[in-house]
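In the text below, chain A, chain B and the rest are named by the order of the sequence lines, each starting its count at 1.
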Amino acid sequence: MSKVRNSWYLAAAVVALLVISFLQRGIDPLYPQFLPKQQMIVKGEVQETQLLLELPQQFLGLAFAGFREMAAGLLWVRADEFFHTGNYEALMPIFRMVTWLDPHQIIVYATGAWHLDYNFTDSYARSDRRYIPASISLLEEGIANNPRGYELYFELAWTHYYQKIKDYDKAVEWAEKAVQLPAIDPNTGREIDRPLFVDRMLAHMYEKAGRLDDTDRQWRETLAKYKELQKEDPDGYEIGLALEVAQRNYNLFLMRQEWRETDTKPPLDAGFDVRVKRIGPKKLSIKGKVNLVPASEYKDLASESVTNYWRDKPEDEHWRDGARVRITLTDLGYVRPKLPRFNWEVDDSVTVLVDDTRIAGGEFETIVDLGRDPHIYPLKAEEYKLTLMIKPQETPDFVQDRIGWRGEGLTDQRCLDTLTVPGHNVIKWEKIYSREDLL
Amino acid sequence: MKTILAIAKTTYGEAMRKKILNSFLLVAIGIIIISLSFSSFGFQQDITIVKAFGLGIVGLAAILISIIMGISLIPNEVERKTIYTILSKPVRRYEFIIGKMLGGAATLFVNVALMGIVFILAATLKAAFSTATIGTMAGGLEAATIKPQAFDPGLIIGVVMIYFQALLLLGVAVFFSVFLTPTVNFFMSGAVFMVGSFSSTMGSLLAGERLSAGMKALYKVLHTVIPNFGYFNIQNPIINPEIQMRSLPQYMSLVIVYALLYALVLMLVGLYIFNKREFE
């Protein structure tokens with residue numbers, strides 16, 4: 001082999017390398033779309049981050065070698081094992097690592113947020129509310145990374161704001177975004193119709209928020225959509241059922257709208273009366289009375305002609321029970337923080353208790369025991385605020401029939417509050433306690 | 001050409017008979033089938049795990065097969081002294097190298113194709129016999145069930161990309177095998193693969209503020225000189241249905257040409273070194 005001819009190989013290699021570097025100019029701009037797009041909510045804004053650099057070293061190798069999705073899948077299998085064995089504490093680091101490795105697994109965000117909201121509980125099965133900011137933050141990060149489908153928007157609206165926090169305005173805000181979006185086929189990624197209940201639940205959320213015009217509009221739009229879908233599938237069970245449920249609920253809404261116009265007058269005096277007594281270290285007895293709502297109040301209501309509640313009520317049952325008093329005990333001045341970025345570590349110096357108790361026969365009674373869970377209720381602040389509240393939004397429909405969606409049929413000489421939920425009449429009782437009072 | 005094909009055919013036959021390669025293939029296929037038994041919180045997560053695990057295993061097995069086959073293709077001939085017989089016949093050295101490379105590529109193709117078929121079949125069956133429940137984690141809403149589309153064409157794309165990634169790695173291993181012992185070559189090829197895969201995240205790292213200017217310059221050089229194995233890692237949008245891919249045909253064409261050209265460069269430089277070696 002002549003030296004000259006052999007050199008041609010090198011020359012050809014150099015030429016090929018030049019072509020390769022030219023090719024790279026075409027590849028490099030297209031490539032980033034195939035990498036997991038890593039975004040976080042930082043101080044309320046979506047920002048690109050270097051999450052990979054935050055990974056533990058053992059996963060860095062896998063991630064860089066192109067096996068990050070496999071590592072994420074294996075971690076998720078491990079998370080499932082922890083979940084089923086009740087090892088909840090170990091789950092959050094795994095959720096975090098999975099979302100670092102692959103921020104497009106939406107079920108991990110949904111499950112992680114649900115876990116934070118519901119599964120850290122005290123001895124009385126009350127959830128540790130200090131995790132709620134982390135839960136919201138995790139879902140917002142999930143939405144930033146996966147904005148295409150309705151799922152995480154609805155998850156945040158329904159599971160968290162509507163069900164857990166009962167902040168109906170925020171629930172509406174996120175559900176309105178969800179109804180603009182399709183579902184994504186979980187196998188192939190093609191866009192498909194979102195579940196039928198999404199549109200229907202937005203109407204319920206509007207109603208809970210007391211936005212009656214929006215409720216009416218959303219029911220009409222939902223019914224029109226369902227009717228169109230039924231034309232495509234006249235014998236479909238799911239669409240048939242959805243249409244029936246929507247029609248029934250809309251009719252009920254219209255009836256209530258008409259009834260409540262008159263049934264909420266004159267306003268009912270709740271006569272809210274609260275007695276709190278310390279019955280032991282970190283233990284409070286809470287009792288009270290509230291005029292919400294005796295059967296006699298139904299006697300002349302417009303709704304009585306349909307519900308016959310007063311007519312059918314046995315003489316020894318004088319109350320329509322079912323509403324609940326919400327009890328919160330927090331450090332004085334506590335406001336649920338908005339996390340600058342997702343972090344599941346809670347501030348263990350903060351005390352936040354949220355509970356509720358049922359009103360039966362115009363009375364309520366409960367014991368709040370903070371002593372059995374000092375890690376959740378550390379009582380390190382100097383002062384605390386105990387709040388007892390009845391929000392008409394949170395009362396059952398049959399109670400709302402008398403007091404209205406927004407408490408327009410409700411008043412109280414001592415405890416009426418119109419500031420907590422603007423535009424709503426809320427019954428609210430507050431008292432400040434010192435640390436010594438509770439210990 | 002006839003000579004090249006004859007060498008390729010012999011190489012293919014020998015490689016396919018190698019027990020170690022067959023065992024990788026069988027283990028990979030077994031793991032893919034076992035991954036079907038993963039059950040998590042619902043269809044979406046199950047299929048994500050099956051896809052992530054399947055593509056990961058096919059990729060990992062392809063990498064191991066490439067390296068283990070590539071490091072021994074030429075040294076075996078030297079060790080058995082058959083290279084003297086071959087090169088004493090009217091076989092040119094470039095014909096020998098090209099034939100070896102083509103035989104290796106064919107072996108790799110059959111292995112990846114077999115694993116790919118099993119994997120795609122497994123994922124398709126999983127989807128075909130499942131219904132996906134979509135709804136919320138809590139709150140008592142009735143779940144909506146949908147029938148997911150069973151066959152995901154994206155999986156074929158994933159397997160094709162794995163093949164070309166492994167082919168490029170085979171080129172690296174064959175190149176090193178011209179002048180390194182198999183043991184040293186094993187680690188060298190593995191190291192090049194790691195650095196080349198690392199190159200894929202270089203873009204985002206370069207944008208970070210944690211790296212010094214010197215490190216950034218080093219990464220830039222590596223990005224140009226080391227074959228970029230990260231280009232072939234496009235599993236994320238395949239595994240996660242949320243993400244939409246754009247300009248995929250254009251991207252795939254460019255990357256496949258990139259793999260073939262890079263393998264050619266490695267072969268040319270390998271030939272240059274091989275021609276300088278004395279076999280007496």
Residues that A/Asp117 engages under salt bridge (Lys or Arg N to Asp or Glu O under 4.0 Å), provided they are two or more places apart = none
Of the listed B/Leu254, B/Leu155, B/Ile238, the one with the largest count of heavy-atom pairs under 4.5 Å with chain A is B/Leu254
Would the number of heavy atoms belonging to other residues, nucleotides or ligands and lying under 6.0 Å from CZ of B/Phe179 be above 12?
-> yes
Closest non-hydrogen atom pair, B/Val269 against A/Ala13 | CG2-CB, 3.8 Å
4.5 Å side-chain heavy-atom contact, A/Leu10 and B/Leu268 | no
Spacing of CD1 belonging to A/Ile27 relative to CE belonging to B/Met252, to within rounding of 0.5 Å | 12.0 Å
B/Tyr251 and A/Tyr31 aromatic ring geometry - parallel, tilted or perpendicular at 30°/60° bounds = parallel
At what distance, to the nearest 0.5 angstrom, does CD1 of B/Ile239 lie from CE of A/Met70?
-> 10.0 Å
Is any side-chain heavy atom of A/Glu69 less than 4.5 Å from a side-chain heavy atom of B/Asn236?
-> yes
Return the option, out of A/Val19, A/Ile106, A/Val15, A/Asp28, with the maximum number of heavy-atom pairs under 4.5 Å with chain B.
-> A/Asp28
Which of the residues B/Leu248, B/Leu271, B/Leu55 is involved in the greatest number of heavy-atom pairs with chain A at under 4.5 angstrom?
-> B/Leu271
Interatomic distance, CG@A/Asn6 vs CG@B/Asn275, rounded to 0.5 Å, equals 4.0 Å
Please lay out, stage by stage, how B/Phe151 and A/Thr188 fare under the test side chain to side chain contact (heavy atoms under 4.5 Å, CB included).
-> CA-CA 8 Å; B/Phe151 175 63; A/Thr188 58; over 6 Å; no
What distance separates B/Asn228 CG from A/Leu23 CG, expressed to the nearest 0.5 Å?
-> 12.0 Å
Spacing of B/Phe274 atom CZ and A/Tyr9 atom OH [to the nearest 0.5 Å] = 11.0 Å
Who passes salt bridge (Lys or Arg N to Asp or Glu O under 4.0 Å) against A/Lys177, sequence neighbours left out?
-> none
Can you check whether B/Tyr262 reaches A/Ile20 side chain to side chain, under 4.5 Å on heavy atoms?
-> yes
So how far is it from A/Leu18 CG to B/Leu261 CG, rounded to the nearest 0.5 Å?
-> 11.0 Å
